[in-house]
**Student:** 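Before I ask anything, let me first share the structure, which is written out below as structure tokens.
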Amino acid sequence: MGLAGAVCNLLVIRSLDIERVMLFYQRIGLSFVKHAHGTGPEHYTSEVDRFVFEIYPACSDGEVTRQVRIGFEVGDVDAVFSALVEVGAVVRSKPANSQWGRRAVVQDFEGRLVELLTPAVH
């Protein structure tokens, strides 16, 4: 499989408070298990359709993954958006229709941009 067939299968973020950040991503609909590999640190893992999303602890503020935009396809942007705002997500753009579908952007508790999308039905 060359570059034309490449599929993203892993995203790892680092957080100063993995418990709180995990709860944010649970509101989007991800399910997590907590575990460690060998002598490595405990972290949270969510796996959906062979895509793994992990939240690892950061040792310092400088290690926190912030310069990333994470997108999730969700069944109901408005409902997920409301659930995230309810727990303190910062609103970057409210739910609105776009050429890709209904879309909103929030920030998680450590400043990462999170895009929510319910695709347009064609």
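Being a predicted model, the structure only gives us computed values, none of them experimental. Along the sequence shown, residues are numbered consecutively beginning with 1.
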**Student:** Quick check for you: to the nearest 0.5 Å, what is the distance between E47 atom CD and N9 atom CG?
**Tutor:** 9.0 Å
**Student:** Can you tell me how far the CZ atom of R103 sits from the CG atom of L117, to the nearest 0.5 Å?
**Tutor:** 8.0 Å
**Student:** Should Y44 and F51 be regarded as members of a common hydrophobic cluster, given that ILVMFWY residues are connected when their side-chain heavy atoms come within less than 4.5 Å of each other, either directly or indirectly?
**Tutor:** yes
**Student:** Under the side chain to side chain contact (heavy atoms under 4.5 Å, CB included) criterion, do L113 and I70 qualify, and how do the steps go?
**Tutor:** CA-CA 6 Å; L113 291 178; I70 306 168; over 6 Å; no
**Student:** Give, for atom CZ of F32 and atom CE of M22, the distance between the pair rounded to the nearest 0.5 Å.
**Tutor:** 7.0 Å
**Student:** What's the shortest heavy-atom distance between A104 and F81, and which atoms?
**Tutor:** CB-CD1, 3.8 Å
**Student:** Working note: E115 + R92, criterion salt bridge (Lys or Arg N to Asp or Glu O under 4.0 Å); need CA distance, chi angles, decisive distance, verdict.
**Tutor:** CA-CA 9 Å; E115 181 174 317; R92 293 298 295 265; over 6 Å; no
**Student:** CG/D108 to OG1/T65 distance, rounded to the nearest 0.5 angstrom?
**Tutor:** 10.0 Å
**Student:** Might you point out which heavy atoms bring S46 and L30 nearest each other, and give the distance in Å?
**Tutor:** OG-CB, 3.7 Å
**Student:** Tell me whether V106 shares a hydrophobic cluster with V90, the cluster being built from Ile, Leu, Val, Met, Phe, Trp, Tyr side chains joined at under 4.5 Å.
**Tutor:** no
**Student:** Out of V74, D76, D78, which one pairs with R102 under the side chain to side chain contact (heavy atoms under 4.5 Å, CB included) rule?
**Tutor:** D78
**Student:** Keeping the roles fixed (side chain from E63, backbone from C59), state whether a donor-acceptor pair exists under 3.5 Å.
**Tutor:** yes
**Student:** Flag yes if more than 12 heavy atoms outside R50 fall under 6.0 Å of its CZ atom; otherwise flag no.
**Tutor:** no
**Student:** Provide the closest heavy-atom pair for I18 versus I55 in the form atom of the first, atom of the second, distance.
**Tutor:** CG2-CG2, 3.7 Å
**Student:** Over all heavy atoms of both residues, which pair between V80 and I28 is shortest? Give the atoms and the distance, please.
**Tutor:** CG1-CA, 3.9 Å
**Student:** Strictly below 4.0 Å, N to O, side chains only: are D61 and R14 in salt-bridge contact?
**Tutor:** no
**Student:** Are R20 and E110 close enough for a salt bridge, meaning some N to O gap below 4.0 Å?
**Tutor:** no
**Student:** Would you check, one step at a time, whether the test side chain to side chain contact (heavy atoms under 4.5 Å, CB included) holds for V105 with L116?
**Tutor:** CA-CA 6 Å; V105 179; L116 308 168; over 6 Å; no
**Student:** Hey, any chance V85 and V87 share a hydrophobic cluster, counting ILVMFWY side chains that come within less than 4.5 Å of each other, even indirectly?
**Tutor:** yes
**Student:** Which heavy atom of V21 sits nearest a heavy atom of S15, and at what distance?
**Tutor:** CG2-OG, 3.2 Å
**Student:** So, for R112 and I13, which heavy atoms are closest and what is the spacing to 0.1 Å?
**Tutor:** NE-CD1, 3.6 Å
**Student:** Test your reading of the model: is there a side-chain donor-acceptor pair from T118 to the backbone of V77, 3.5 Å cut-off?
**Tutor:** yes
**Student:** Name the orientation class of the two ring planes belonging to F72 and F53 (parallel below 30°, tilted from 30 to 60°, perpendicular beyond 60°).
**Tutor:** perpendicular
**Student:** Using side-chain heavy atoms (C-beta onward) and a distance below 4.5 Å, is S31 in contact with Q26?
**Tutor:** no
**Student:** Going only through I, L, V, M, F, W and Y residues with side-chain contacts under 4.5 Å, is there a path from V68 to V64?
**Tutor:** no
**Student:** Before giving the answer on side chain to side chain contact (heavy atoms under 4.5 Å, CB included), spell out for L11 and E54 the whole-Å C-alpha distance, their side-chain angles and the decisive distance to 0.1 Å.
**Tutor:** CA-CA 6 Å; L11 175 64; E54 294 183 314; over 6 Å; no
**Student:** What's the separation between atom CG in D17 and atom CZ in F109, rounded to the nearest 0.5 Å?
**Tutor:** 9.0 Å
**Student:** Using side chain to side chain donor-acceptor pair (under 3.5 Å), reason through E42 and Y56 one step at a time and then give a plain yes or no.
**Tutor:** CA-CA 7 Å; E42 282 193 331; Y56 271 81; over 6 Å; no
**Student:** Other residues, nucleotides and ligands only: do more than 12 of their heavy atoms fall within 6.0 Å of NZ on K34?
**Tutor:** yes
